[in-house]
Amino acid sequence: MNGKQITKLGFERKAIGLALSAATIRERAGLERSAILSELRAVQADPAAYLAGGVYAELAVELNAQNTLNESRMGAALSPSPLPYGVWGADLIEPGASAQMDVAMRLPIARAGALMPDAHVGYGLPIGGVLATENAVIPYGVGVDIGCSMRLSVFPMRPDAVKVEEAQSLLLKHTRFGAGVAFEKRERDDHEVLHESTWQDQPLLRHLFDKAASQIGTSGSGNHFAEFGTLTLTSADLGLEAGEYLALLSHSGSRGFGAQVAGHFTGLAERLHPNLDPAARKLAWLPLDAEEGEAYWQAMNLAGRYALANHELIHARLARALGVRVLASVHNSHNLAWKQQINGREMIVHRKGATPAESGQLGLIPGSMADPGFVVRGRGHVEALSSASHGAGRQLGRKAAANKLVKKEVAAYLKERGVTLIGGGIDEAPQAYKRIEDVIARQSELVDVVAKFTPRVVRMDSGSEDI
DNA sequence: ATGTAC
């Protein structure tokens with residue numbers, strides 16, 4: 001009897017050695033190999049029956065423990081009913097998003113959750129969904145654009161100190177938008193995140209390094225933007241006097257690098273859970289105490305830092321071009337998972353399109369290309385898992401927006417508000433979004449408004465259909 | 001959101 005025959009039966013880790021020792025004892029007792037193999041199969045099929053004693057007891061104990069662990073980690077069955085969770089702005093949330101959140105709250109690893117007023121349907125967890133799990137991380141609980149984030153810089157300038165034409169040319173010169181887009185080699189900036197040793201820790205990260213290095217400092221497509229506008233502070237805050245300032249607001253993520261990390265690990269998670277209820281397939285998780293979960297955690301956090309580095313470079317380039325230093329700045333990630341203590345236990349809090357809002361924590365909640373965004377301060381609401389919305393949230397899906405909205409009306413909306421737009425697809429029209437004022441009003445328990453940002457010159461990806 | 005495919 002050898003190890004190869006034992007592993008062929010499906011024994012794993014410590015059980016291989018224990019099965020081998022037991023088999024050796026049975027061989028010495030004069031049993032045929034085929035008889036021993038059938039005994040091993042019987043122990044494997046029902047370890048509980050062999051726990052009491054005998055030559056297979058130790059093996060049975062180990063198999064029993066492995067089964068229990070596998071069930072708790074990989075458990076395929078959903079609870080019949082979802083755990084209760086808080087909803088803010090239920091009147092603004094489509095039924096599909098609530099249905100997705102219900103499925104998430106039936107996962108065996110789910111412990112708590114909340115739904116923000118900008119919620120709408122996404123892959124797996126809805127956008128605007130917050131989910132706390134224990135010892136597990138869900139790649140699609142974070143989303144495709146890992147580390148997608150916001151950054152605001154306030155400049156020591158009057159809002160009108162930079163004319164529209166100048167703002168346009170600055171944005172065109174110093175930002176890059178679109179799927180697959182990178183900076184031209186001679187324009188490429190460097191950042192300390194590219195010098196982290198983390199890139200060498202996983203074959204996947206090594207493989208994606210060149211793409212990440214080529215795309216650093218860029219913005220993506222879809223709802224990503226960089227815009228100049230007016231920051232209005234009605235009272236002193238952020239270390240600034242009350243008043244109006246020129247400011248830059250950006251929305252960007254981890255580009256192709258993060259998307260490939262997300263794709264890789266969600267595939268891995270799905271393969272680890274072949275029997276997961278189909279309703280929850282896109283919510284497949286990775287155990288955090290397993291190699292796969294640890295690897296995702298490391299890659300996810302690197303993508304989070306990389307996304308913030310993109311913003312830093314965008315803001316540094318534009319501040320340098322303006323010849324000013326930044327007076328104040330705020331940033332936050334809104335697609336990420338964090339370790340957070342809940343009821344004295346360490347949980348993994350996934351925020352997929354949700355702003356962290358611990359008590360006193362600053363965050364940015366944008367409206368749309370032509371509607372105001374808000375600097376907010378978290379109130380640390382326990383049932384909301386210290387979270388808030390990440391924006392206004394879609395009212396119309398991309399296709400619905402393209403079918404329903406008329407370019408002329410979108411142009412009129414922009415003109416009325418004095419917004420100049422570079423790029424921007426019809427699917428990103430302000431009319432495709434919920435009213436940001438409503439969304440902010442629904443979360444007064446979650447955040448306090450600190451300041452208002454009114455966009456003036458906006459750059460987005462051209463998309464498939466320009467406005 | 002990504003960028004052209006287990």
Side-chain angles (χ1 to χ4, degrees), chain A residues 97 100 118-129 138-151 175-183 204-205 207-226 250-272 274 281-282 284 296 299-300 302-304 306-311 314 333-337 350-354 366 368-369 390-394 396-402 423-429 432-433 459-465:
Chain A
Q100 285 188 316
D118 60 339
H120 55 97
V121 171
Y123 282 121
L125 197 66
I127 316 298
I138 304 172
Y140 267 180
V142 170
V144 175
D145 190 6
I146 300 173
C148 187
S149 39
M150 300 296 306
R151 188 176 183 94
T175 68
R176 294 291 181 279
F177 280 81
V181 164
F183 258 109
L204 176 72
L205 300 179
H207 171 67
L208 293 173
F209 176 80
D210 286 347
K211 179 190 271 289
S214 75
Q215 294 191 316
I216 199 153
T218 64
S219 309
S221 58
N223 57 6
H224 288 177
F225 62 79
S250 59
H251 183 203
S252 184
S254 52
R255 311 294 283 94
F257 162 49
Q260 293 211 23
V261 169
H264 172 82
F265 283 100
T266 202
L268 195 59
E270 281 191 42
R271 288 193 294 279
L272 270 182
R281 190 179 303 138
K282 292 270 175 267
Y296 176 75
M300 177 200 78
L302 180 61
Y306 175 80
L308 293 177
N310 286 331
H311 287 276
I314 293 165
S333 307
H334 54 222
N335 282 10
L336 211 63
H350 304 72
R351 292 191 183 86
K352 188 189 193 183
S368 80
M369 56 166 69
H390 85 308
R394 282 195 165 277
L396 298 173
R398 294 188 181 282
K399 276 180 205 159
I426 189 96
D427 52 352
E428 285 300 327
Y433 284 86
R459 184 175 186 191
M460 302 185 82
D461 180 34
S462 309
S464 47
E465 218 182 328

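Hydrogens, waters and symmetry mates are skipped; everything else that's a heavy atom, side chains included, is used. None of the values given here were measured: they were computed from a predicted structure. Here is how names work: the chains are called A, B, and so on, in the same order as the sequence lines, proteins then strands, and each is numbered from 1.
- Of the residues listed (A/S219, A/P366, A/S368), the one engaging A/F225 in a side chain to side chain contact (heavy atoms under 4.5 Å, CB included) is A/P366, and it is the only one.
- Proximity of A/R255 to the phosphate of B/dA1: no side-chain N or O atom is located under 4.0 Å from OP1 or OP2.
- The shortest distance between the side-chain N/O atoms of A/K211 and the OP1/OP2 oxygens of B/dG3 is below 4.0 Å.
- Listed for the A/N335 side chain is no donor-acceptor partner under 3.5 Å among the backbone atoms of A/G147.
- For B/dA1, neither phosphate oxygen OP1 nor OP2 lies less than 4.0 angstrom from any side-chain nitrogen or oxygen of A/Q215.
- Taking atom CG of residue A/D427 and atom P of nucleotide B/dT2, one finds them 13 Å apart after rounding to whole Å.
- The CG-P distance, from A/D461 to B/dA1, rounds to 10 Å in whole Å.
- Nucleotide B/dA1 holds its C1' atom 16 Å from the CG atom of A/L125, rounded to whole Å.
- In this structure, A/S221 reaches the B/dT2 phosphate: one of its side-chain N or O atoms is under 4.0 Å from OP1 or OP2.
- Atom pair A/Y123:OH and B/dT2:C1' shows a separation of 11 Å (rounding to whole Å applied).
- Among the atoms of the strands shown, none is found under 4.0 Å from any heavy atom of A/G253.
- Within the nucleic acid shown, A/F257 has no heavy atom closer than 4.0 Å to any nucleic acid atom.
- A/N223 places its CG atom 13 Å from the C1' atom of B/dT2, with the value rounded to the nearest Å.
- Within 4.0 Å (heavy atoms only), A/R271 reaches no atom of the nucleic acid at all.
- For the pair A/F183/A/I216, no side-chain contact is recorded, criterion being any heavy-atom separation below 4.5 Å from C-beta on.
- Atom CZ in A/F177 sits roughly 15 Å away from atom P in B/dG3 (whole-Å rounding).
- The interatomic distance linking A/K399 (NZ) with B/dA1 (P) rounds to 15 Å, in whole Å.
- Side chains of A/D118 and A/H390 form a contact here, defined as non-hydrogen atoms less than 4.5 Å apart.
- The separation between A/M300 atom CE and B/dA1 atom P is 19 Å, rounded to whole Å.
- In this structure the side chain of A/V142 reaches within 4.5 angstrom of the side chain of A/Y296, judged on heavy atoms.
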